[in-house]
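These notes are about the structure you will find just below.
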Amino acid sequence: MPLRIPTPFLDLEATLDGGQAFRWRCVDGAWEGVIGDRWVRLRQEGGDLLAETATDPGDGAWLRHYLGLDDDLEAIVRTFPDDPPLRDAVQACPGLRLLRQDPWECLASFILSSTKQIVQIQQCVALLCDAFGEPIPGPAGATSPRAFPTAARLALVTESRLRDCKLGFRARYLAAAAQAVDAGRLDLEALRGLSTAAAREQLTGLPGVGPKIANCVLLFAYGRQDAFPVDVWVLRALRELYFPRRRPKPRTLQRFTETHFGPNAGYAQQYLFHYIRNHRPTETRLS
DNA sequence: GGCCAGGTGTACC
DNA sequence: GGTACACATGGC
């Protein structure tokens, strides 16, 4: 029997396939993916979310947590500054939620993300999981899905074999991160008890992890609303929507992201990211 | 073939 | 302090 969860606003496609996580795919109108060691197939029906699993789903608290279903989106949106860009961005996709991912999977995935398109990140993650992930129970008759490879497993893999997963120059960075986590030099669970700034400092101590990737991990895994990842898309959104015909310095933009968007700035960032990628076509937009 | 992609590290001024 | 470029790889 699938788990049935009454759901508030939830846009599954925008949430699962919007550049936060890289393992979800849509099959016959349902979203299939892996959360920790569980394979799951998600579908919306009426006002409910239906979750089909291969093992006992329990009360589904793990799924509610992952999807951020306890976030009160209406209350969050009310904390946003009342400006046209954010109004439009929220209006365009009112069910977009921030995920709460496993920190290691999130860190590893975003280490792969630098100067790659989202479809290519998805491809790399799939290759990594196929090569190094542990098989887990899946739907009957299909090949076993796999968990995301642990840091301990990847710490033993040669850089050359990581490059086989098309990681390019990022292979060295992933290997270093896996070794740091496996050896305990970086304690991802302990970051939960640190301030955002202190946690960011720990993350950016890894080679290949700068402020952008660290902020993605802080936001998409730890739910830190004071983390505001600025990538090429968000930069474009800030410039076009908030500083048109001006040439703001990076320092100005950073100050703006830290002060303008309020206590749920991380959520605001995700709405802007989704909006600029999907609802404001430009010549350089991907089709 | 040139440009771009959910960037970062390094070498310069 | 800032700015330019290399770094692998694939899509368009």
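Everything numeric here is computed off the predicted structure, so don't read it as measured data. Lettering of chains follows the sequences in order, A, B, ..., and the numbering in each one begins at 1. No hydrogens, no waters, no symmetry mates; every other heavy atom, side chains included, goes into these values.
Looking only at distances, a side-chain donor or acceptor of A/Q225 sits under 3.5 Å from a matching main-chain atom of A/Y267.
Within a 6.0 Å sphere centred on CD of A/E201, other residues, nucleotides and ligands contribute 12 heavy atoms or fewer.
Contact check on A/E74 versus A/R78 returns no salt bridge, with no Lys/Arg side-chain nitrogen under 4.0 Å from an Asp/Glu carboxylate oxygen.
A/F22 comes within 4.0 angstrom of no nucleic acid atom, judged by non-hydrogen atoms across all strands. Using a 4.0 Å heavy-atom distance criterion, A/Q122 is classed as making no nucleic acid contact.
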For side-chain contact (heavy atoms from CB on, under 4.5 Å), just list the numbers for A/R277 and A/I118, CA-CA rounded to whole Å, side-chain angles, deciding distance to a tenth of an Å, and then say yes or no. CA-CA 12 Å; A/R277 284 192 73 227; A/I118 288 177; 3.5 Å; yes
Output, in order, the C-alpha distance, side-chain angles, deciding distance and verdict of ring pair (Phe, Tyr, Trp, His ring centres under 6.0 Å) for A/F110 and A/F22. CA-CA 10 Å; A/F110 277 97; A/F22 303 98; 5.2 Å; yes
Side chain to side chain donor-acceptor pair (under 3.5 Å) between A/D70 and A/H65, worked out: CA-CA 7 Å; A/D70 294 327; A/H65 176 76; over 6 Å; no
Pair A/N264, A/Q270 - check side chain to side chain donor-acceptor pair (under 3.5 Å), show working. CA-CA 10 Å; A/N264 293 293; A/Q270 198 58 21; over 6 Å; no
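Taking side-chain N and O atoms only, A/R170 has no distance below 4.0 Å to OP1 or OP2 of C/dA6.
The shortest heavy-atom contact between A/R64 and A/P6 is NH1-O, 4.3 Å. Considering every non-hydrogen atom in both A/L96 and A/Y271, the closest pair reads O-OH, 3.0 Å. Looking at every heavy atom in both residues, A/A237 comes nearest to A/L272 through CB-O, 4.4 Å. In terms of heavy-atom proximity, A/P57 sits nearest to A/W62 at O-NE1, 2.7 Å.
Computed from coordinates, the A/Q120 CD to C/dT9 C1' distance equals 6 Å when rounded to whole Å. In this structure, the CG atom of A/L112 is 13 Å from the P atom of B/dG6, given to the nearest Å. Atom NZ in A/K249 sits about 10 Å away from atom C1' in C/dG2, given to the nearest Å. Atom CD in A/Q254 sits roughly 10 Å away from atom P in C/dG2 (whole-Å rounding). Rounding to whole angstrom units, CG of residue A/L235 and C1' of B/dC4 are separated by 15 Å. Remark: P of B/dG6 and CD of A/Q123 are 14 Å apart, rounded to the nearest angstrom. Rounded to an integer number of Å, the gap from A/F110 CZ to B/dA5 C1' is 14 Å. Rounded to whole angstrom, the span from the CZ atom of A/F273 across to the P atom of B/dA5 amounts to 11 Å.
Remark: the separation of the P atoms in C/dA8 and B/dA11 is 16 Å, to the nearest Å. Using P as the reference atom, C/dG2 and B/dG6 are 26 Å apart when rounded to the nearest Å. Remark: the separation of the P atoms in C/dC5 and B/dC3 is 12 Å, to the nearest Å.
Across residues 84-99 of chain A, not one residue has a non-hydrogen atom less than 4.0 Å from an atom of DNA chain C. Remark: A/R163, A/K166, A/G168 in residues 156-168 of chain A come within less than 4.0 Å of DNA chain C through at least one heavy atom.
Between A/F261 and A/F80, the distance from one ring center to the other does not fall under 6.0 angstrom.
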Report, one pair per line, the protein and nucleotides 7-11 of chain B atoms (nitrogen or oxygen only) whose separation is under 3.5 Å.
unit_1: B/dG7; atom_1: OP2; unit_2: A/T115; atom_2: N; d: 3.0
unit_1: B/dT8; atom_1: OP1; unit_2: A/G210; atom_2: N; d: 2.8
unit_1: B/dT8; atom_1: OP1; unit_2: A/G210; atom_2: O; d: 3.0
unit_1: B/dT8; atom_1: OP1; unit_2: A/K212; atom_2: N; d: 3.2
unit_1: B/dT8; atom_1: OP1; unit_2: A/I213; atom_2: N; d: 3.0
unit_1: B/dT8; atom_1: OP2; unit_2: A/K212; atom_2: N; d: 3.4
unit_1: B/dG9; atom_1: OP1; unit_2: A/G208; atom_2: N; d: 3.0

